[in-house]
Amino acid sequence: MLIKIVIFYYLLLINIGNFLAFGIDKRQARKNKGRIPESTLMSLSILGGAVGGLFAMYIFKHKKKKARFFLTLPILAIFYTVIAILIFL
């Protein structure tokens with residue numbers, strides 16, 4: 001039971017973090033300031049934050065034209081959603 005709680009909070013925090021990272025990167029892009037590397041955004045997605053990243057792509061209209069993101073994030077989001085359903089049911 002404890003492991004489910006840890007997994008839940010891990011996924012919650014990494015998705016919030018990735019969502020915020022996409023938002024910060026978009027804001028920095030508009031201001032022509034230092035950016036968050038794409039490798040960091042992708043790493044956060046691979047580590048479990050794909051759902052947050054996917055929501056951020058559409059809310060912030062950011063990285064939607066990059067094939068690396070618009071192809072990979074939906075697949076990762078589906079994968080992590082299925083894993084979460086299997087763990088928590």
Side-chain angles (χ1 to χ4, degrees):
M1 185 62 158
L2 178 60
I3 191 72
K4 287 185 179 183
I5 294 169
V6 170
I7 291 170
F8 173 79
Y9 282 108
Y10 170 79
L11 289 173
L12 179 67
L13 291 174
I14 197 150
N15 278 286
I16 290 170
N18 200 21
F19 181 86
L20 293 174
F22 268 79
I24 291 166
D25 188 51
K26 177 65 174 190
R27 185 181 66 208
Q28 296 296 82
R30 286 183 182 156
K31 294 180 177 183
N32 289 322
K33 293 191 175 184
R35 305 279 304 274
I36 296 173
E38 286 186 359
S39 60
T40 301
L41 297 174
M42 187 57 72
S43 294
L44 288 169
S45 298
I46 290 169
L47 291 172
V51 174
L54 189 61
F55 279 127
M57 276 179 58
Y58 288 96
I59 289 172
F60 300 123
K61 295 178 178 64
H62 190 49
K63 303 286 184 201
K64 286 176 63 175
K65 294 180 181 176
K66 297 265 184 170
R68 179 178 182 196
F69 287 91
F70 80 77
L71 295 174
T72 306
L73 261 60
I75 293 167
L76 286 171
I78 291 168
F79 173 76
Y80 282 114
T81 301
V82 169
I83 295 298
I85 289 169
L86 292 174
I87 290 172
F88 294 111
L89 285 185

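All values reported here derive from a predicted model rather than from experimental measurement. Any value given below was found using the heavy atoms of this structure, including those in side chains, with hydrogens, waters and symmetry copies removed. Sequential numbering from 1 along the given sequence is applied to the chain's residues.
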To the nearest 0.5 angstrom, please state how far the [atom1] atom of [X] sits from the [atom2] atom of [Y].
| X | Y | atom1 | atom2 | result |
| --- | --- | --- | --- | --- |
| Ile46 | Ile14 | CD1 | CD1 | 10.5 Å |
| His62 | Ile24 | NE2 | CD1 | 10.5 Å |
| Ser45 | Met57 | OG | CE | 9.0 Å |
| Ile36 | Arg27 | CD1 | CZ | 9.0 Å |

Flag, side chain of [X] to backbone of [Y], donor-acceptor distance under 3.5 Å:
| X | Y | result |
| --- | --- | --- |
| Lys26 | Lys61 | yes |
| Gln28 | Gly34 | yes |
| Asp25 | Ala21 | no |

Same apolar cluster: [X] and [Y], side chain cutoff 4.5 Å:
| X | Y | result |
| --- | --- | --- |
| Val82 | Phe8 | no |
| Leu41 | Leu13 | no |
| Ile83 | Ile3 | yes |
| Leu44 | Leu71 | yes |
| Tyr58 | Phe22 | yes |

Of all the heavy-atom pairs spanning [X] and [Y], show the shortest one and how long it is.
| X | Y | value |
| --- | --- | --- |
| Arg68 | Ser39 | NH2-CA, 4.1 Å |
| Ala50 | Leu76 | CB-CB, 3.5 Å |
| Leu47 | Tyr10 | O-OH, 2.5 Å |

### Message
Contact between Phe69 and Met42 at the side-chain level, heavy atoms closer than 4.5 Å - yes or no?
### Response
yes
### Query
Under a 4.5 Å cut-off applied to non-hydrogen side-chain atoms, are Glu38 and Lys63 in contact?
yes
### Tyr9 OH: over 12 foreign heavy atoms closer than 6.0 Å
no
#### Entry: Inter- and intrachain pairs under side chain to side chain donor-acceptor pair (under 3.5 Å), touching residues 75-89, at least two apart
none
### Message
Looking only at the aromatic ring of each residue, does the gap between the centers of Phe60 and Phe19 stay below 6.0 angstrom?
### Response
yes
### Query
Taking only residues two or more places apart in sequence or in another chain, which ones pass salt bridge (charged side-chain N to carboxylate O under 4.0 Å, His left out) with Lys64?
none
